[in-house]
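Report on the following structure.
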Amino acid sequence: RTRRGGLEQRRRTVLALLGAVVLLTACSLPRGAALQSEVVNEKNSEIPTFQVVPVTRANIPGIESWPASGWDGQYHWPGTSEGSSSSVIRTGDRLDVTIWDSSENSLITNPAQRYTEIKGVEVDGN
């Protein structure tokens, strides 16, 4: 009876571990686009689900003749205008300038910073 109880306990442990592994592998994070290797491998597959076309100077005219595809909704850039006819910022004004720089080896920020501020810059007439 002790041996049987030990086997049952071991069996339960193994089943619990397998269940945990199945649950963890099923809960992967969602991805965006396909990986480069998936795209390249699709080109060589026996029954491809899409076409891989290299873009070169030689085939640009053919690509330009393709019909438009995809959604053509209302997400367009704002229109342009001439703006104000007078200077909004004038000579003598003082400005606080913030320069954003995410480069790791920036010349204007410390390694932990993503921006630097220059305060009280006076606008010159030139």
### Task
Measure the spacing between CD of Glu8 and OG1 of Thr13 and express it to the nearest 0.5 Å.
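Taking CD in Glu8 and OG1 in Thr13, the distance rounds to 11.0 Å.
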
### Query
About how many Å separate CG of Leu95 and NZ of Lys119, when rounded to the nearest 0.5 Å?
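Atom-to-atom, Lys119:NZ and Leu95:CG are 12.5 Å apart.
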
### Message
I'd like to know if the side chain of Asp96 reaches the main chain of Gly120, judged simply by a donor and an acceptor atom lying under 3.5 Å from each other, with no hydrogens or angles considered.
### Response
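Such a contact is found between Asp96 side chain and Gly120 backbone.
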
Between [X] and [Y], which heavy-atom pair has the shortest distance, and what is it?
X	Y	value
Ser65	Gly62	OG-O, 2.7 Å
Thr116	Ile108	CB-O, 3.5 Å
Tyr115	Thr98	CD1-CG2, 3.8 Å
Ile47	Glu42	O-OE2, 4.2 Å
Thr56	Ile60	O-CG1, 3.1 Å

### Message
Is there a path of hydrophobic side-chain contacts, each under 4.5 Å between heavy atoms, that joins Val55 and Val53?
### Response
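Yes; Val53 is reachable from Val55 via cluster members.
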
